[in-house]
There are 2 protein chains.
Amino acid sequence: MELTPRKKKILAAVIEEYIRTAEPVGSKAIAAKGNLGCSPATIRNELAELVSRGYLEQPHTSAGRVPTPLGYRMYVNELMETQDLSDEEVAEIAERLSGPLPPDQLMSDAGRIASQLTNYPALTITARPAATIRRFDLIYLDANSFIIVLLLSTDAVKNKLVRLPVSVDQTMIQKLSTLFNAHFTGISENAITPGMIHAAERAAEDNLGITAVIAAFAIETLTDSEQTQAYLVGETQLLNQPEFRDPDKAHRLMRYLTEGGHLADLPLEEMHGDNELRVLIGPENVAEELKDSSVIIATYDAGDNMRGIIGVVGPTRMDYSRVAAKLSYIAAGLSKRLGGGSSMPPPGLDNKLIIKGEDFDEREIKEEENEG
Amino acid sequence: MELTPRKKKILAAVIEEYIRTAEPVGSKAIAAKGNLGCSPATIRNELAELVSRGYLEQPHTSAGRVPTPLGYRMYVNELMETQDLSDEEVAEIAERLSGPLPPDQLMSDAGRIASQLTNYPALTITARPAATIRRFDLIYLDANSFIIVLLLSTDAVKNKLVRLPVSVDQTMIQKLSTLFNAHFTGISENAITPGMIHAAERAAEDNLGITAVIAAFAIETLTDSEQTQAYLVGETQLLNQPEFRDPDKAHRLMRYLTEGGHLADLPLEEMHGDNELRVLIGPENVAEELKDSSVIIATYDAGDNMRGIIGVVGPTRMDYSRVAAKLSYIAAGLSKRLGGGSSMPPPGLDNKLIIKGEDFDEREIKEEENEG
DNA sequence: TGTTGGCACTCTGTTTCTTCGAGTGCTAAT
DNA sequence: ATTAGCACTCGAAGAAACAGAGTGCCAACA
C-alpha cells in the first residue's frame with residue numbers, strides 16, 4: 001500500500017534530520033521544520049504508523065524515531081531530491097580531473113577527490129578485460145641482457161629487463177622477437193601452451209632457456225592484466241562519523257575494507273551500465289561486516305573496454321543525496337576523460353543519472369511482539 | 001650521574017610492566033615480579049628518586065608510575081635486552097620474503113609483514129638516487145604511434161605509448177632514436193636544456209614536435225625516478241592501542257600519516273647505515289603530531305644504490321624490544337634479497353644490530369614546583 | 001473523521017554524592 | 001639501608017536523584 005503524500009513528506013523529514021544530527025528525531029522537530037501545516041500531535045500519529053509499517057523505529061519508548069534500512073531505501077528510491085553541486089565543487093572536480101595524468105593515477109586521484117568531498121572513505125575498482133599481446137619487442141642491450149617490451153591490446157605497455165647468466169648474440173634476440181610476434185600475439189593467456197613454447201625454442205635454436213623466460217613474462221603479464229584492482233582512500237574519515245566512535249566497531253570495518261582484498265569482490269556483480277548509481281543500504285550488503293554500513297557506487301567507462309567503479313562507504317546514516325550528486329559527477333568526468341573526449345561534461349548532466357536500488361518489502365509489524 | 005644497578009632494574013621493570021598493561025605500575029607489582037629481593041617500601045623510595053630525576057612520572061599523587069620519554073630513552077639505550085625471534089616468526093618472515101616478487105612488491109609486502117607481526121602501522125620509504133638514462137629505444141608501431149622505452153641507470157625500464165595526430169615514417173623514428181641515444185643518455189634531469197631539445201629537433205628535421213614529446217617524457221621520468229616513495233600499511237592497528245581509544249586522537253595521527261605526504265619527509269634525515277635501528281621517542285620526533293608517538297626505523301640496502309627504510313609507528317608505550325627484533329630481521333632479509341644474495345640471513349645475525357638513539361639530558365626536577 | 005491541545009508516563013543522559021581501593025609518603029623500628 | 005605500619009590522597013565505579021525530551025492516549029474541536 002502506497003504511503004500518503006504527507007507520510008512521505010514526514011518520512012523524508014525524519015531521515016534528513018537524522019542524517020544531519022545523528023540523533024533520534026521527535027515530532028516536535030519535524031513540526032518546527034514547518035513544511036507541512038500540522039501539529040506535533042498529528043505527526044506523532046503518522047510517525048506511529050510509519051513505525052508499524054517498518055520505515056522507522058524507536059531506540060526505546062519515548063525516544064525519537066530513527067530510519068530503518070527500509071526507510072532509507074524508500075528515501076533513496078522515491079523521496080530524495082537530486083542535489084546540484086555548487087559552482088565551486090564543479091570547478092574543483094573539473095580542475096582536479098583535468099590534469100595530464102596517466103589513467104591509473106587519474107583513477108586513484110578520483111578516489112581521493114571523492115573521499116575528500118564527501119567525507120567518507122572512497123573506493124575505486126578497475127576491472128580489466130582479458131588482454132592479448134599486440135606486439136613483442138626485444139631490445140638487445142649487451143651480451144648478457146635485453147629488455148622485453150610488450151604492447152597489450154589495451155594499449156598498456158609492459159616491460160622487463162632480463163639479465164642472463166650466459167651470452168647471447170643480437171641475431172638470436174632478433175630471431176626470437178620475430179618468432180614471438182608471429183605466434184604469441186593476439187591470443188589470450190591460456191592459449192599459450194608448453195607445446196608452443198617448445199616449438200618456438202626449437203625454431204630459434206635456443207638451448208639457453210631464453211624462450212621460456214620470455215614466454216613466462218608474457219603469461220605473467222596477461223594474468224596480471226586481468227586482475228581487478230581495488231583501492232581505498234580516506235579510511236580515516238570513518239572516525240568522523242558518530243556511529244564509529246566506538247573504536248572496535250571502526251576497527252572492524254576498517255580492517256574489512258583494507259585487508260584481505262574483500263573490496264575487489266564486493267560490488268563486482270554490481271557492475272552495471274555507465275551513468276547509473278547503485279546504492280546498497282545496510283543489510284542489502286552481502287558481507288556481514290557491511291550490514292550496518294551503506295555503499296554507493298558509480299560505474300564509469302574507463303576506456304579500452306575497461307570499466308571502473310568509484311564509490312564511497314559510510315554508515316547507513318549517509319548523506320545519500322549529497323554523495324550521489326558528487327559521485328555521479330566524478331564518474332561522468334572520468335568517463336569523459338578516459339572513455340570519450342578529454343573535457344569535462346557540463347555539470348547539469350548528472351541530474352539525469354538513474355539511482356537504481358533493490359526492490360523492497362514493506363513488512364507489517366505486529367502490535368505486540370512477545371519475546372523471552 | 002649514573003643510575004645504580006638496582007634503579008636500572010626497577011626502571012626496566014616499570015617500563016616492561018607498563019608496556020604490557022598500559023596501566024600505571026605500583027611498587028607492589030614490581031616487588032611481586034621478584035627479580036630484586038627487596039620490599040615495596042624500598043622500591044617506593046627508589047621510584048620517588050626516579051621520578052625526581054625525570055625517568056618516571058605520576059599521573060597524580062597516589063597513582064602508580066608511568067615512564068617519561070627520558071625513561072624510555074634510557075630503556076632503549078641501555079636497559080632493554082635484545083629479543084630473539086621464535087622459530088615460527090623467523091620461518092614466516094623468511095618464507096614471505098622469499099617469493100619471486102619484483103622489488104617494489106617485495107618492499108610493500110615487507111611493510112605488511114612488519115605491521116602484522118608487530119601490531120603497529122608500518123611504513124616503508126624508498127629513496128631513489130638521481131637516475132640517468134642509459135638507453136633510448138623508440139619502437140615504431142604504425143604511422144600514428146610509437147613506444148618510448150627508457151632504460152635507466154638504476155636498471156628500471158620505463159615506457160610510454162605515444163599516439164600522434166599526424167603521420168611519421170619509420171626512418172624518422174629511427175633517426176630520433178639514434179639522436180637521443182647519442183645526446184640524452186648519461187645525463188641528469190636538469191642537464192636537459194631547451195637548447196638541446198631544439199638542436200635535436202633541427203638535426204632530425206622534425207617539424208611535428210615529436211622530439212619535444214620524447215624529451216618531455218625523459219624529463220618526467222627522471223624527475224619521477226628521484227622521488228622518494230612512502231607507503232603506510234596497517235593504520236587500523238592503531239585502534240588496538242588503548243592510547244588511541246579516543247577516536248579524535250586516533251584520527252589526528254592517522255590523518256597525519258596518510259595524508260599530505262608527511263611520511264616521506266619524516267625520517268629522511270634519519271637515513272643511516274644498514275643494519276642499524278633508529279628509535280625516535282615521543283618529543284624526539286620533529287612533527288608535532290608525533291610528539292606522543294614513537295617511531296622505530298631500520299634502513300636496508302635496496303640494491304642499485306637505493307636505500308630503503310622500513311619502520312613502525314606506535315604510542316610511546318611501544319614494545320621496543322619486540323619490534324626492534326622483528327624490524328631488524330626483516331630489514332636484514334630485505335638487504336639480502338635486494339642488495340646481496342637471494343637467500344635469507346641466519347636469524348642470529350640480528351642480535352648484532354646497533355640500536356642507536358639520541359643523547360639525552362637527565363633533568364633534575366625541583367622538589368616543589370609552583371604554578372598558577 | 002481527521003486534527004489538536006493537554007497531560008501523565010517512560011525512559012535516558014547527566015549530575016551529584018558516596019564508597020572503595022590502590023598506591024603513596026612518612027615515621028619509627030630493625 | 002631496609003622495612004613494616006599507617007594515615008592520607010585521589011581517581012574509578014556505583015548509586016541515587018534529577019531534568020527533560022518524547023511518547024501515547026484522551027477528550028475536545030472543526
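None of the values given here were measured: they were computed from a predicted structure. By convention in this document, chain letters (A, B, ...) are assigned in the order of the sequence lines, proteins followed by strands, and residues within each chain are numbered from 1.
Mapping B:A63 and A:C38 onto DNA chain C by nearest heavy atom places A:C38 at the nucleotide closer to the 5' end. DNA chain D is contacted by both B:T42 and B:P59; B:T42 maps to the nucleotide lying nearer its 5′ end (nearest heavy atom per residue).
The separation between A:R6 atom CZ and C:dG2 atom P is 10 Å, rounded to whole Å. Here C:dG25 presents its P atom at 13 Å from CD of B:E46, a figure rounded to the nearest Å. The interatomic distance linking A:I43 (CD1) with C:dT4 (P) rounds to 9 Å, in whole Å. If you measure from atom CG of A:N45 to atom P of C:dT1, you get 15 Å, rounded to the nearest angstrom. Between the C1' atom of C:dT3 and the CG atom of A:L47 lies a distance of 15 Å, rounded to the nearest Å. Look at NE2 on A:H60: it is 7 Å from P on C:dG13, rounded to the nearest Å.
When side chains are defined from C-beta on, A:Y72 counts as touching A:R317, because their heavy atoms get closer than 4.5 Å. The shortest side-chain heavy-atom distance between A:V76 and A:I281 falls under the 4.5 Å cut-off. Residues A:D248 and A:R252 have side chains in contact (heavy-atom distance under 4.5 Å, counting atoms from C-beta outward). Contact check for A:Q241 versus A:Y120: side-chain heavy atoms found under the 4.5 Å cut-off.
Protein chain B touches strand DNA chain D; the 5'-most and 3'-most nucleotides with an atom under 4.0 angstrom of its non-hydrogen atoms are D:dT2 to D:dG11.
A salt bridge does not link A:K249 with A:E243: every distance from a Lys NZ or Arg NE/NH1/NH2 to an Asp or Glu carboxylate oxygen is 4.0 Å or more.
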Please list, for nucleotides 5-9 of chain C, all pairs of protein and nucleotide N/O atoms separated by less than 3.5 Å.
from, atom 1, to, atom 2, distance (Å)
C:dG6, O6, A:R44, NH2, 3.2

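The OG1 atom of B:T118 sits 6.5 Å away from atom CD of B:Q237, with the distance rounded to the nearest 0.5 Å.
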Could you list the donor-acceptor pairs under 3.5 angstrom formed between side-chain atoms of residues 22-30 of chain B and any protein atom two or more places apart in sequence or on another chain?
from, atom 1, to, atom 2, distance (Å)
B:S27, OG, B:R44, NH1, 3.3

- Message: A:E289 vs A:R255, test: salt bridge (Lys or Arg N to Asp or Glu O under 4.0 Å). Steps then yes/no.
- Response: CA-CA 10 Å; A:E289 289 84 350; A:R255 224 182 25 213; over 6 Å; no
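Ring geometry for A:Y256 versus A:H262: interplanar angle under 30°, hence parallel rather than tilted (30 to 60°).
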